Amino acid sequence: MQIYNTLTRRKETFTPAEPGKVRMYVCGPTVYDAAHMGHARSAVVFDVVYRHLMSKGFQVTYVRNFTDVDDKIIRRARDLGRDYSEIAGRYIREFHEDMDALGVLRPTHEPRATEHIGDIIELIKVLVDKGNAYVAGGDVYFRVRAFPDYGKLSGRNLEDMEAGARVEVDEKKQDPFDFALWKASKPDEPKWDSPWGPGRPGWHIECSAMGRAHLGETFDIHGGGKDLIFPHHENEIAQSEAAFGRPFARFWIHNGFVNIDQEKMSKSLGNFRTVREVLAGHHPEAIRMFLLSKHYRSPVDFSADAMSEASGALERVYSCLLRIRESVDVEVPAGRDAGDFQDRFIQAMDDDFNTAGALGVVFEAVRHANRLLDQDPAAHAAELASIHALIRRAGGELGMFTLPPADFFHAAKKAAGLDPEEIERLIQKRNAARKAKDFATADAIRDQLKEQGVILEDAPGKTTWKPA
RNA sequence: GGCGGCAUAGCCAAGUGGUAAGGCAGCGGUCUGCAAAACCGUUAUACCCCGGUUCAAAUCCGGGUGCCGCCUCCA
């Protein structure tokens, strides 16, 4: 399979360092506020990476950290008059709730920075001993100039960046690009004892330390949002490679941003969408459909229209699933495979996790199944069962199409806040009118229901309904 | 100023050398009492513009235009 590697800026054939086993590290959230759609995208994208690698038979060790001590958490805690650990704990809990709701599998390990202070201190010691870091006051800084490869991930060099001159001046630093490994704590800030006095870790060092603790010194895959390429991942490389003298991550994967109505989602614009808000109005799988309908490296634009389109697409698949289950016995082992849909689905996924292309294959399968259903379901029972199996298997990798179709539609009805009994009563009344050829009354009832947001679908012998 | 990315039909979106997936919407049809759903057909002589390489380019190379991101906390 091919994976686009940020480090080389091209697709490369992926093979893990140790055959059969994949070590993957993804940067998780700093837990100081509710998770937003950007967090959801990153989590869902790497969830799919994780699922697909497992489907290839790899034994995947997936680590995603929580940054649970940092300036923003401390500030938030102070604003609310709480302890920083209480804030972090609360948002970790919420993050889990949100991601569970989205069907994101829990990683193998979810280390928190504060659980690895010892590892972090050990790592900083190594860097100081090697001359890659220096102590200044109670702080410790990484000496960027001592690491010749600095900039290799983001394609920058120090001289070019200096021209930009948007670097904060700090008299403690020997060089403006040096970054903190350890920060001396101010009064009332969380602190841990260290050889350099009481303090807390800088942001970048935790990933190097936790990654090593759980995955060793070289990972197969390291991922995160595009915005982390510089400086975060660049700094991780510098720390880890300077300390261990070996390549840090072999493949770097970065997901694109979520925009809101064509604007960058940002606090200052006030256009943040939290996962909770979106979940309140949309089915979780519709959110995944929206996110996975585009390639993971491209920006996606979140909007009401985009979400309803995704919902419609999801419904199309579930409708098909429902039709198949009502027509044939899908539990019968598939007698024949579903044409080349299966192969093409895997091919798309193997090509740098092309979920948009893979979904295209699913929709082709859906149309094919609908066609068979329109013709003669019984005659195509085996093929329909195999398409049903294909869609479910594809869904297993994408984290969609996982519910019994009837449950999916039932949930939609419930979410629409309609009264099923009243609707059923009207449907019966209408069908009685239809039988009596009183179409004026029948149509009036249908129009009335439509106004309430109910769409009727007449099938031979029975009428079903769904929310608009 | 430096680095990187993107530009495909009305909209969303795959496709990275061999002649344009898929979704939504539209139009024509089948089905239906009429609709809805589903299916069939149709909808880009063509992939921002200009050059070049090639038997062959949306796909590679050069130049241009437009948009976006990173360089400060950020998924």
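Quick note on labels: first sequence line is chain A, next is B, and so on, each numbered from 1. Everything numeric here is computed off the predicted structure, so don't read it as measured data. All heavy atoms count here, side chains included; hydrogens, waters and symmetry mates do not.
- Of the candidate nucleotides B:A14, B:G23, B:C70, B:G23 has the atom nearest to the side chain of A:Glu309.
- The aromatic rings of A:Phe219 and A:His222 sit parallel to each other, their planes meeting at less than 30°, with 60° as the upper class boundary.
- A:Tyr296 places its OH atom 17 Å from the C1' atom of B:A13, with the value rounded to the nearest Å.
- For A:Lys466 and B:A37, the NZ to C1' distance is 7 Å, given to the nearest whole Å.
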* **Pairing annotation in dot-bracket form, given for RNA chain B with Watson-Crick or G-U pairs under 3.5 Å and | for cross-strand partners** => ((((((((.[[[..)..(...]]].(((((.......))))).....[[[[[..)....]]]]])))))))....

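- With C1' as the reference atom, B:A57 and B:G62 are 15 Å apart, rounded to whole Å.
- For B:C70, one of the phosphate oxygens OP1 or OP2 lies less than 4.0 angstrom from a side-chain nitrogen or oxygen of A:Lys264.
- Checking B:G5, B:C70, B:G33 against every side-chain atom of A:Arg434, the shortest atom distance belongs to B:G33.
- The only option from A:Met400, A:Arg41, A:Glu285 that meets the side chain to side chain contact (heavy atoms under 4.5 Å, CB included) definition with A:Leu292 turns out to be A:Met400.
- Spacing of P atoms, B:A21 relative to B:A9, comes out at 14 Å, to the nearest Å.
- Map A:His368 and A:His295 each onto its nearest nucleotide of RNA chain B; the residue landing nearer the 5' end is A:His295.
- When heavy atoms are screened at a 4.0 angstrom cut-off, A:Val45 is found touching no nucleic acid atom at all.
- Comparing B:G22, B:U16, B:C34 by their closest approach to the side chain of A:Arg446 singles out B:C34.
- Between the CG atom of A:Leu153 and the P atom of B:C70 there is a distance of 16 Å, rounded to whole Å.
- With sequence neighbours left out, the side chain to side chain donor-acceptor pair (under 3.5 Å) criterion links A:Tyr91 to A:Arg76.
- Atom CH2 of A:Trp252 and atom P of B:C3 are 22 Å apart (whole Å).
- In this structure, the nucleotide among B:A21, B:A37, B:G33 sitting nearest to the side chain of A:Glu457 is B:A37.
- Distances from the side chain of A:Phe439 to the nucleotides B:A38, B:G33, B:C70 place B:G33 closest.
- With no hydrogens or angles considered, no side-chain donor-acceptor pair links A:Asp68 and A:Tyr84 at under 3.5 Å.
- Looking only at distances, a side-chain donor or acceptor of A:Asn5 sits under 3.5 Å from a matching main-chain atom of A:Arg250.
- For A:Ile229 and B:U72, the CD1 to P distance is 14 Å, given to the nearest whole Å.
- Separating the CG atom of A:Leu359 from the C1' atom of B:A13 is a distance of 11 Å, rounded to the nearest angstrom.
- Side-chain proximity of A:Met265 to the nucleotides B:C3, B:G33, B:A75 is greatest for B:A75.
- For B:A75, the OP1/OP2 oxygens have no side-chain nitrogen or oxygen of A:Arg297 closer than 4.0 Å.
- No donor-acceptor pair under 3.5 Å is formed between the side chain of A:Glu397 and the backbone N or O of A:His52.
- The side chain of A:Ser298 approaches B:A14 more closely than any other nucleotide in the set B:G22, B:A75, B:A14.
- OP1 or OP2 of B:G22 lies within a sub-4.0 Å distance of a side-chain N or O belonging to A:Arg367.
- Of the possible polar contacts, one joining the A:Asp47 side chain to the A:Leu105 backbone as a donor-acceptor pair under 3.5 Å is found.
- OP1 or OP2 of B:C40 lies within a sub-4.0 Å distance of a side-chain N or O belonging to A:Arg371.
- OP1 and OP2 of B:C68 both lie 4.0 Å or more from every side-chain N or O belonging to A:Asn259.
- Close to B:A38, at under 4.0 Å from its OP1 or OP2, lies a side-chain N or O of A:Arg316.
- Between A:Asn370 and A:Ser293, it is A:Ser293 whose nearest contact on RNA chain B lies nearer the 5' terminus.
- With A:Asp149 contributing its side chain and A:Lys152 its backbone, the two residues share no donor-acceptor pair below 3.5 Å.
- Under the side chain to side chain donor-acceptor pair (under 3.5 Å) criterion, A:Asp351 pairs with A:Lys11, not counting sequence neighbours.
- Nearest nucleotide to the A:His39 side chain, out of B:A75, B:C73, B:A14: B:A75.
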